[in-house]
Colleague: 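Pasting a structure here, questions to come.
Whatever order the structure lists them in is the order used to number ligands and atoms, beginning at 1. Because only heavy atoms are used, hydrogens play no part in the values below, and waters and symmetry mates are left out as well, while side chains stay in.
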Amino acid sequence: MPSWKDFRTALTALREFEGYLDAHIERLRRGGGDNSILSAVLQDRDLTDLEVRMFAGLLLGAGFITTTYAFGSAVATLVDHPDQLARLQAHPEGWPNAVEETLRYHAVVQLAARLATQMLQIDGHTVREGSTVFLMIAGANRDPALFERPDEFDTTRANARDHISFGTGIHACLGAPLARMELNIGLRALFERFPRLGLAGEPILNDSTLLHGFKHLPVSLGPARAPLSF
Ligand code: HEM
């Protein structure tokens with residue numbers, strides 16, 4: 001549980017965020033909208049104002065910081081494994097699998113929760129109806145029954161994509177294809193443009209138990225190459 005002070009800070013931040021969303025929605029309504037998803041939702045008029053705010057807040061919250069953290073963790077881990085990075089720079093077709101391995105190795109969303117709708121037995125444990133179950137995504141991603149040498153970072157791992165960093169079942173991540181695309185394009189472009197990118201200080205992890213990522217990742221870019229055209 002957060003301290004009272006953290007709770008107050010979060011409350012103030014949430015109110016500011018809500019104010020920002022209100023103003024943004026109002027701007028879109030007054031200005032006739034743009035070509036964003038939010039404009040399309042507003043034009044449809046089948047959601048109440050509260051639902052529109054919740055929808056926009058969910059997409060921004062679920063879609064922005066997660067990808068930011070995944071990107072930072074991938075950069076730090078690749079820089080820490082220069083042989084594997086060099087192989088990717090020479091053979092860019094390896095990037096999609098490398099992205100899966102960074103997602104497996106660093107689960108951004110460390111855990112999820114579910115409510116048991118009926119009593120069930122899992123591995124000798126009884127879960128009572130109505131109880132909340134925490135699913136340790138980060139632990140499952142390093143399950144030795146599924147992944148050989150689970151604590152090793154290996155961008156050529158054959159089953160890297162078997163991670164559950166995007167969850168599973170009907171609530172699996174809506175933005176997974178977008179996040180994968182952003183990571184593939186972004187990481188490849190970054191390391192091809194700045195092939196000698198390196199750490200320029202100690203990375204500092206955030207202090208969240210839910211979302212794993214760096215709040216501070218100082219890097220030196222080194223010399224730049226011409227930008228890529230995708
Ligand atoms: C690396 C980036 C991302 C990670 C690691 C991630 C992870 C997850 C996980 C684990 C869940 C399931 C939570 C649960 O089971 O309770 C989830 C759900 C969700 N994600 Fe993502 N996500 C990422 C990026 C995105 C992006 C880019 C978007 C949208 C643009 C997005 C939108 C959502 C939404 C809307 C849900 C809820 C789906 C539902 O409940 O039906 N996520 N995400």
Colleague: Rounded to the nearest 0.5 Å, what's the gap from CZ on Arg53 to CZ on Phe17? Could you check?
Modeller: 11.0 Å

Colleague: Between Asp44 and Asp46 (side chain of the first, backbone of the second, donor and acceptor by atom type, cut-off under 3.5 Å), is there such a pair?
Modeller: no

Colleague: Could you check atom 24 (C) of ligand 1 against the protein and tell me its nearest heavy-atom contact, residue, atom and distance included?
Modeller: Thr66 OG1, 3.4 Å

Colleague: Side chains of Gln84 and Thr155 only: does a donor on one sit below 3.5 Å from an acceptor on the other?
Modeller: yes

Colleague: Looking at Ala70, which atoms of ligand 1 are within less than 4.0 Å of one of its heavy atoms?
Modeller: 1 (C)

Colleague: Honestly, is Arg142 close enough over Tyr105, meaning NZ or CZ under 6.0 Å from the six-membered ring centre and within 45° of the axis?
Modeller: yes

Colleague: Answer yes or no: is there a donor N or O on one side and an acceptor on the other, between the side chain of Ser73 and the main chain of Ala70, under 3.5 Å?
Modeller: no

Colleague: Show the nearest heavy-atom pair for residues Phe147 and Asn159, with the distance to one decimal.
Modeller: CE2-O, 3.3 Å

Colleague: Could you report the tightest heavy-atom contact between Gly72 and Leu217, atom names first, then the distance?
Modeller: O-CD2, 3.4 Å

Colleague: Among all protein non-hydrogen atoms, which one is nearest to atom 21 (Fe) of ligand 1, and what is the separation to 0.1 Å?
Modeller: Cys173 SG, 2.3 Å

Colleague: Among all protein heavy atoms, pick out the one at the shortest distance from atom 34 (C) of ligand 1; state its residue, atom name and that distance to 0.1 Å.
Modeller: Leu174 CB, 3.9 Å

Colleague: Going by the atom numbers of ligand 1, which of them fall below 4.0 Å from some non-hydrogen atom of Val109?
Modeller: 7 (C), 10 (C)

Colleague: Nearest to atom 26 (C) of ligand 1, what protein heavy atom do you find, and at what distance?
Modeller: Gly63 CA, 3.3 Å

Colleague: When only distance counts, is Ala176 in polar contact with ligand 1, meaning an N/O pair under 3.5 Å?
Modeller: no

Colleague: Just to be sure I'm reading this right: ignoring hydrogens, which of Gln110, His171, Arg114 gets closest to atom 16 (O) of ligand 1? Compare them by their nearest heavy atoms.
Modeller: Arg114

Colleague: Is there a side-chain contact between Leu135 and Arg114 (heavy atoms, below 4.5 Å)?
Modeller: yes

Colleague: List the closest protein heavy-atom neighbour of atom 30 (C) of ligand 1: residue, atom name, distance to the nearest 0.1 Å.
Modeller: Leu178 CD2, 3.9 Å

Colleague: On a heavy-atom basis, I'd like to know which of Pro177, Ser165, Ala112, Ala179 is closest to atom 13 (C) of ligand 1.
Modeller: Ala112

Colleague: Identify the closest protein heavy atom to atom 6 (C) of ligand 1: which residue and atom is it, and at what distance?
Modeller: Phe166 CD2, 3.7 Å

Colleague: Could Glu100 and Arg157 be called an ion pair, given the rule that one side-chain N must be under 4.0 Å from one carboxylate O?
Modeller: no

Colleague: Just jot down the ligand 1 atoms closer than 4.0 angstrom to any heavy atom of Ile137, in number order.
Modeller: 10 (C)

Colleague: For atom 33 (C) of ligand 1, what is the nearest protein heavy atom, given as residue, atom name and distance?
Modeller: Ala62 CB, 3.7 Å

